[in-house]
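Notes follow once the structure below has been shown.
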Amino acid sequence: MPNLKTALDHGLTQEEYNKIVSTLGREPNITELGILAAMWSEHCSYKSSRVHLKKLPTKGDVVIQGPGENAGIVDIGEGLCAVFKMESHNHPSFIEPYQGAATGVGGILRDIFTMGARPIAILDSLRFGNPSLPKTKFLVDGIVDGIAGYGNCIGIPTVGGEVYFDDCYNGNPLVNAFALGITRTDEIFRGYATGIGNPVIYVGSKTGRDGIHGAVMASETFTKEAEEKRPAVQVGDPFTEKLLLEACLELFKTGTVVGIQDMGAAGLTSSSTEMAERAGTGLRIEIDKVPRREDGMTPYEVMLSESQERMLVVLEKGKEHIAEDIFKKWDLDFSIIGEVTDNSKLIITDKGDLSADIPINLISEEAPSYKRAAARPDYIDDIRSFDTSSISVPKDLEGVLLKLLSSPTLSSKRWIFEQYDYMVRTNTLTLPGSDAAVVRIKGTNKAIAMTVNCNSKYCYLDPYTGAGIAVAESARNLACSGATPLAITDCLNFGSPEKPEVMWQFEQAIDGMSEACSKLNTPVVSGNVSFYNETEGTAIYPTPTIGMVGLIEDMHKHMTQWFKNEGDIIVLLGETKEEFGGSEYLKQIHGKVCGTPPSLDLDKELKLITALLKASEEGIIKSAHDISEGGLALAISESCFTPGGPKGVEIKIPRLIRDDALLFSESQARAVISLDEENITKIKNLTKECGVPMEIIGRVNGTRLFIEDLIDIPISKAYSKWALGFENILKSYA
């Protein structure tokens, strides 16, 4: 019989264990303890974040399904809806990079097709440590291979994402995977175990011992012994996942499915209890009927295994043979392992013997919820006290630009995305590298745009403003692609919630997100919280990653960031200020991460988004690129680096502020657009109507990158620095 020490070893506190004993009226057995420890872990219960997540806006005109299900759903018209979610797989990817990243992709795809949607796109947000460390290269290689290996094999395109490098991720990389699928609004499925007496079905792969304690492991900080936890990392099989995807979609058409849930974190434990919780029912599970690939597995191991490619399905009673025929046809395991009951309990038997008897509400509703202490970090005042006059304007601004272009975070990530099959299924309209990924919806004239964003340096300096900027930049990315922003999913990556300064960061970020989402009308429909992202007591920068989805009604009007034709006019939208706090310029050139982030004015953001969407709809502009990391000079350069080869520009800008601020300030609510000269009057009238500052700053012309008398270099040289910067970093590991 377990005791307090066993409970503590499972991650429970003494108070939590006492509550379990008090509620049960007895000591739990080892299977019951394992179930409760997994479901009460931070990873599954959100016990430190639930009280704060309630502040996020989750409703809207297009929202069909908000948080609480496997994925969020928004209405996109014509009887169709988009199903999407983003989740983290940070801890497993540090311990076993390939499998950690691969199973992260597999898990997020199952979250989509368990809702009845066929996945059509994957994005990823990746954060690595200092690229000079051999460990970083090991992680980059393994994680990228894992994403490619799974996505390419299952035939879902990885169409975009982001990659950042910073010392704060040296011991804790972030792997945030996003997936989106499409289904009809009348063909949505949810995770409800309804209908007393309905059979509970196990389908997919057999259960092994991989991934046991995965949820608990993801609710701990890293230590030097972390890599000994490889057994807690799942092993993925994309070929089986492809079979499971097709079998589930075929099953949905039969009308026999009552509810369905992916076996994700905590495996059979979470899928069974969450389905019963939503429906207000109970479940009886005969654990000996679960298909296994290893001998001698105990009920504890079977319930907590996180083996991949598995689903739990509740069917209409008497229809079992229909489902069995489908799964056998697809060469997948199928087993009736229990039934829905009316006693609101999880009852587990093993060959007739009772293994667990737990009230569902003890697992779910009565799981602990904490409003942990929060305190403003001591570093904040010191780190924000930055005076622009303390740094001088570099004499060699051309050299500054070239260094930024070749820096790890800003240089081309072609080496990464070329390993992904981003054209499979032939829906991809915008290749990786532009502001947002765009995929068409076959059979319609519509397209969906997607993007992921977060500047964690901003969030370190000011989590409220930084999180708001992540939302605003995502909306700008979509608008620059011609898409109306609809809703977001998120991955909230933070350090230990047991530290008051981390909880302060988290609370501030939630408040900043909430304000921005409300103002920009982009409710939160799904997401994930990942705490304990720290190693040996050192936490990552707060990284609330935003995944945003937008709709393009006419896919032929989608836009990209690249300049198109010689002679096109280049226009700057928005106002540039002397804002260096948290900038790449300040970090890469002056070696500082300090100051305050750029100011965020959500009214100005909304005006810019409105102007971009109107200009796109009226066909006035040819390209649009939002200005973010690296400032105006980087945005112009990236717009020059077209898929067909680099194009030169001649830029003239009034020098009303410091030269380095003019080029590299990261002021928000700005974009660079290009258009035919004949449309100048139209864009002037439109921007005036929307209240957006605009200035004609140059034209696409020649073979040089020319900005006043500040920068004058061959565009081929700038392109080479940008295109090869990341690869040269990797080659330096010889």
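Checked by atom type, the side-chain pair T543/Y164 shows no donor-acceptor distance below 3.5 Å. Using modelled atom types and a 3.5 Å distance limit, the side chains of S481 and D435 yield no donor-acceptor pair. A side-chain donor-acceptor contact under 3.5 Å links S599 and E579. Under 3.5 Å, the side chains of E473 and Y458 contain no donor-acceptor pair of N or O atoms.
Partners of Y585 according to the ring pair (Phe, Tyr, Trp, His ring centres under 6.0 Å) rule, which considers only residues two or more places apart in sequence or in another chain, are F580, H590, F664. Checked against salt bridge (Lys or Arg N to Asp or Glu O under 4.0 Å), D166 has the following partners two or more places apart in sequence or in another chain: K587. The salt bridge (Lys or Arg N to Asp or Glu O under 4.0 Å) search around K682 returns none, not counting sequence neighbours. For P714, the side-chain contact (heavy atoms from CB on, under 4.5 Å) partners two or more places apart in sequence, or in a different chain, are R704, S716, K717. The ring pair (Phe, Tyr, Trp, His ring centres under 6.0 Å) search around F128 returns F165, not counting sequence neighbours. With sequence neighbours left out, the ring pair (Phe, Tyr, Trp, His ring centres under 6.0 Å) criterion links Y719 to F641, W722. Applying the salt bridge (Lys or Arg N to Asp or Glu O under 4.0 Å) criterion to E578, with sequence neighbours excluded, gives no partner residue. With sequence neighbours left out, the ring pair (Phe, Tyr, Trp, His ring centres under 6.0 Å) criterion links Y150 to no other residue. Considering only residues two or more places apart in sequence or on other chains, K403 meets the salt bridge (Lys or Arg N to Asp or Glu O under 4.0 Å) condition with none of them. With sequence neighbours excluded, the residues satisfying side-chain contact (heavy atoms from CB on, under 4.5 Å) with S526 are K85, T489.
For residues 147-162, the set of pairs meeting the salt bridge (charged side-chain N to carboxylate O under 4.0 Å, His left out) definition, not counting sequence neighbours, comprises R127-E162. Listed by first and then second residue, the salt bridge (charged side-chain N to carboxylate O under 4.0 Å, His left out) pairs that reach into residues 644-658 are R655-D659, R655-D709, R658-D660, sequence neighbours excluded.
Under a 4.0 Å N-O distance rule, the pair D603/K607 does not qualify as a salt bridge. Salt bridge E575/K604: present, at least one basic N to carboxylate O contact under 4.0 Å.
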